[in-house]
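Comments concern the structure below.
Computed from a predicted model, the values in this text were never measured in an experiment. Both counts, for ligands and for their atoms, begin at 1 and track the order of listing.
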Amino acid sequence: MTQLGESITRIDARAKVTGDALFPGDINLPGQLWMKVLFARRPHARIKRLDVSKAQTAPGVVRVFTARDVPVNEFGLGSKDAPVLNGDEIRWVGEKIALVVAETEKQAEHARDLIAVEYADLPPLTDPRDAMKSGAPQVHPAYANNVIKHIPIRKGDIAQGFAQADVIMEGDYHTPYQEHAYLQPEAGVASIDDVGRVTVVVGGQWVHEDQEQIAHALGLPLDKVRVIYPATGGAFGGREDMSVQVILALAAWKLNRPIKIIWSREESMIGHHKRHPMWITHKLGATRDGKLVAAQVQIISDAGPYMYTSPKVLGNAAFGATGPYAVPNVHVDAYTVATNNIVSGAFRGFGGPQAHFAAETQMNKLAEKLGIDPVELRLKNVLRAGSLLSTQTPLPGGNVSLPQVVERCAKEFGWKGKGTGGTQRNSRNTQHASFDSAPLRSGRVTGFGFACALKNIGFSFGYQENAAATVELHGDATIDKVIVHHAAAEVGQGTHTALAQMAASALGVPIEKIEMIVSDTAQTGNAGSVSASRMTYMGGNAIKGACELALKKWSDEERPAIASYQYLAPPTTNFDPETGKSKPNVAYGYVAQAVEVEVDTETGQVRVVRVTSVDDVGKAINPRMIEGQIEGAVAQAQGWTIQENFQTKDGRVLTPYFSTYLIPGILDVPDKVDSVILEYPDRDGPWGARGMAEMPFIPLAPAIVAAVHDATGVWCDEFPLTPWRVLDELKKKN
Ligand code: MOS
């Protein structure tokens, strides 16, 4: 009856499969004009002269907008430190300089190319490690020494900790950019609705945040702006900061005409932020029997010139610097630094993947050095209920299932013996005779790797997490129809289906009775962002609360029974500025992964043969959708680790097409992904659910790198593991 925990068909599946579902680029409004953006396409320059006169008089052109046309010319999620249109100092390639609005897209494009800009190019600052040095030129007036944020964490006594260590492992790691590569590039339409609101229909992750930033930039009250999300083709964090939202609204508001824009793939690639590259120096100390005693970590992340979500991503990286382990003595310094590179921001895992890559590779190296199996080493050190984080507080929510996910992953994978210690290397036919994969071809060696992680649920770090929902119960003797108002953005992850399942369960009605009014600031309360794996948890708790209130009204004979509820999550605290002491997060999810890879020692190619991913999701609302998230995260993380190679030179993007930026295709993804879902309930999650969309991304890179080591004997402290990098490493070894 309630269908909670069942793999029901997604409520949006049919419309998406038949093509009935409209994505922003599919929507056309009568009388619409088209917009094109003039991007700076240079990393650092001063605009000396900007002449739009030729563009203004070109065929079909209605208006050209520049910086002086934006009432309050600033935007940004973390800080409004970026101009909507830049008429002054260009700080990265994706700065928008002018907008051309014309009758057709072609005319807008033609006129855009008639805009004359005279630049004085300036040297770009492209290495955050140089940007931090004293005397470096300042990228942005708000950030002295180019440090946007520094997070220190101090726990215990680091010198004493290392003094207790029998072994010390030191390593320098680098993690690369990643492009979100969502199916649907940025697109949208804006118009003035029948009550005079500028209405933007666009893909995004948080309608109310978009509304706030649009209203701010246009100098309008909030209720003059409406944001609606139709079907959206993926996000992964890439739609957290504004792309086309403000510029669409600006043109529609000023011209009182519907405006449409669709970015090309190339515009999308240079126009939105990327996953932060990070440089991580990691020193880890342990006793002979494998107990961690000290960790000293420095993290430098490349933010690009504006804040976006960099401090929040850095918070997760700082927090993840010690991996999912209880370490008594910790000394972390994490910095996010302004440069003239492409701007960095949110991307699935949100700093967790970078930090865990270093932490987990260190653990795998330590296991080898100590001659302890990597699974056993983890079980000696993973956080358990009551263990103190580096922030000196325990994990919330009751069940801390790291031991369980690690053990289960080892069991399901068939992990035997010393793994990356080398004893399994090239011994597949003896120790792993039960594996049913295809036989090895010549020149190919097999290896096995293991890693685990924890992922926070929600923004937290002192932010009061919240989400609203409204539920209407219609009928007389029985509930015939339920209308759920919820702002959660459906970006392909299935949130509307999960929320509908939770509403049906809370009300005890079949899902067919649930109607959803979604993602419209005019009709839904603020649910927060679909980020940080938070919506099932926060949105689900809001739905649950609203359903309970509505049922109460129903039992009091109210018809229709309508109730709104705002869920407020347990409070958290921000890092103490000196010690990092805090209760950083509301909830966590736990994950472990084991992988088998095949390395071709002649070509350097790495192939992931199979992955076992064990994820504690608290409660699986829809198991098949969770498997989809796990398989998707594995494919995306594999791309980041092996194949995707976002290249820049002097701040310019060299790989702005899918012909040059290669993401995994069907022949690249693992032959087999075994998704194992565990359900140790979170005390405060709805029906015990934890968020889970990011966590299966996090351990894969270190697991693959460990498996490549197991196969070949080389450690890759940097990736992507492109054939030439792997061959170089193999050559260095021989
Ligand atoms: Mo995200 S990377 O929290 O959308």
| task | Check step by step if ring pair (Phe, Tyr, Trp, His ring centres under 6.0 Å) holds for His496 and His486. | result | CA-CA 9 Å; His496 290 166; His486 207 286; 7.9 Å; no
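Looking only at heavy atoms of the protein, atom 3 (O) of ligand 1 is closest to Ala532 N, 2.6 Å.
Residue Arg348 touches ligand 1 through its backbone alone, judged by heavy-atom distances below 4.0 Å.
For the residue pair Gln593/Ser613, the side-chain donor-acceptor check at 3.5 Å is satisfied. Using modelled atom types, one finds no donor on one side chain facing an acceptor on the other under 3.5 Å when comparing Asp241 with His272. For the residue pair Thr655 / Gln647, no side-chain donor-acceptor distance below 3.5 Å is found, with atom types taken as modelled.
The contact set between ligand 1 and Phe350, taken as ligand atoms under 4.0 Å from a residue heavy atom, comprises 2 (S), 3 (O). For ligand 1, the atoms sitting less than 4.0 Å from at least one non-hydrogen atom of Ala346 are 2 (S), numbered in the order shown with element in parentheses. Applying the 4.0 Å criterion to heavy atoms of Gln205 picks out, from ligand 1, the atoms 4 (O). Residue Ser531 has at least one heavy-atom neighbour below 4.0 Å for each of these atoms of ligand 1: 1 (Mo), 3 (O), 4 (O). Atoms of ligand 1 found under 4.0 Å from any heavy atom of Phe347 (numbered from 1 in listed order, with element): 2 (S).
Polar contact with ligand 1: absent for Ser533 (N/O pair, distance under 3.5 Å). Of the polar atoms of Gly237, at least one N or O is found under 3.5 Å from an N or O of ligand 1, judged by distance alone.
Taking the six-membered ring where the residue is Trp, the centroids of Tyr588 and Phe319 are separated by under 6.0 Å. When ring centroids are compared, Phe697 and Trp640 come within the 6.0 Å threshold. Ring centroid separation for the pair His140 and Tyr306 comes in under the 6.0 Å cut-off.
Heavy-atom separations between Val530 and ligand 1 include at least one value shorter than 4.0 Å.
Selection from Glu240, Lys455, Arg275, Arg534 by nearest heavy atom to atom 1 (Mo) of ligand 1 gives Glu240.
In this structure, Glu694 does not pair ionically with Arg348, as no charged nitrogen and carboxylate oxygen lie closer than 4.0 Å.
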